[in-house]
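This report concerns only the one structure given below.
All ligand and atom numbering here is 1-based and tracks the order in the structure. Keep in mind the model is a prediction, meaning the values are calculated, not measured.
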Amino acid sequence: MRKALVIGSRGQIGIELLEMLQYKLGMDNVWGADIHETSTIPNNAGNYSQLNALDKEAMHQLVVEKGITEVYQLAALLSATGEKNPMYAWKLNMEGLLNILEIAKETKIKLFWPSSIAAFGPTTPLDETPQRTIMEPTSVYGISKQAGERWCEYYFLKYGVDVRSIRYPGLIGYKSAPGGGTTDYAVDIFYAAIEKGSYSCFLQPNTALPMMMMDDAIRATIELIEAPIENIQIRGAYNLAGVSFTPAQLANEIKKHIPTFEISYYDDFRQQLADSWPNSIDDTQAQKDWNWKINFPLETLVKTMLSEIKKRIS
Ligand code: SER
């Protein structure tokens with residue numbers, strides 16, 4: 001019997017992943033945990049425990065007490081917030097991972113941990129970035145993701161921990177908001193388009209980045225965790241291509257639905273982060289190992305985001 005724990009269950013990915021796991025495994029078999037007090041969590045969110053990812057004892061206790069068989073450890077600071085507080089980002093992102101790797105070693109749970117396109121850097125070949133390539137990340141978030149990938153692989157090789165990971169592209173969804181990332185513009189733009197008819201973008205018009213609809217990201221996560229163990233050839237993290245576009249291309253696609261929509265651009269420190277990340281990704285390894293296939297091209301992504309956000313706002 002599978003019992004899942006999502007750490008960081010109130011975050012951008014956590015909210016949607018929790019919902020999908022509840023649907024698949026049943027409400028009783030899924031547990032959410034996050035730093036927020038229990039009293040602030042909606043009643044319909046299911047089982048919940050307040051947890052600090054830095055508190056290894058509490059994490060261990062939760063896993064054992066609830067009979068957890070798989071953990072999704074999503075608690076982290078993202079790229080832009082990380083640059084504002086590098087030491088705390090390093091501490092939370094690394095200790096949060098090492099704590100659960102140690103617990104996985106002892107309890108034999110399956111583990112999912114997210115890596116990111118931020119694990120690449122300015123010296124990486126930025127077009128069709130291969131699975132294995134030069135990785136010299138320059139943000140503290142990226143360094144934590146690169147180091148985290150190596151730690152995951154280490155725990156697999158040394159202790160046989162069944163840990164699996166994805167280098168998520170920028171994630172775009174309508175059920176939860178991103179917080180503190182460089183790719184957040186690609187979510188914010190939809191709310192601004194609907195509510196104000198215009199958007200002021202912190203990345204320049206021609207900044208291409210790999211992005212992905214949250215539905216695809218959640219499906220990828222679950223497909224990866226359910227793939228037969230012998231298929232998993234990568235114990236660092238899998239590349240996923242998603243769909244690559246620039247702010248200008250996204251704005252043009254939005255204009256097809258809202259012809260009066262206008263976009264303007266301003267200079268921001270996040271540009272440097274975006275410039276150091278891939279423009280597009282090669283994900284043939286994920287296709288080969290666990291049959292990965294994307295569902296949402298740009299047109300469908302934009303159409304879905306606009307109609308779902310409109311529904312939510314009204
Ligand atoms: N979406 C993340 C960020 O922008 C990258 O993983 O920080």
Which heavy atom of Ala220 sits nearest to which heavy atom of Trp290, and what is that distance? O-CZ3, 3.6 Å
Taking every heavy atom of Gln73 against every heavy atom of Trp113, the minimum-distance pair comes out as O-CD1, 3.6 Å
Who are the residue neighbours of ligand 1 when the rule is a heavy atom under 4.0 Å from any of its atoms? Leu78, Ser79, Ser116, Tyr141, Gly181, Thr182, Thr183, Trp277
Identify the two heavy atoms, one from Ile100 and one from Ile7, that lie closest to each other, and give their separation to 0.1 Å. CD1-CD1, 4.3 Å
Is it true that, when you exclude Met20 itself, more than 12 heavy atoms of the residues, nucleotides or ligands shown sit nearer than 6.0 Å to its CE? no
If the threshold is 4.0 Å, N to carboxylate O, is there a salt bridge linking Asp162 and Arg235? yes
Please step through side-chain contact (heavy atoms from CB on, under 4.5 Å) for the pair Glu149 and Arg167, ending with a clear verdict. CA-CA 9 Å; Glu149 287 191 16; Arg167 291 173 184 147; 2.8 Å; yes
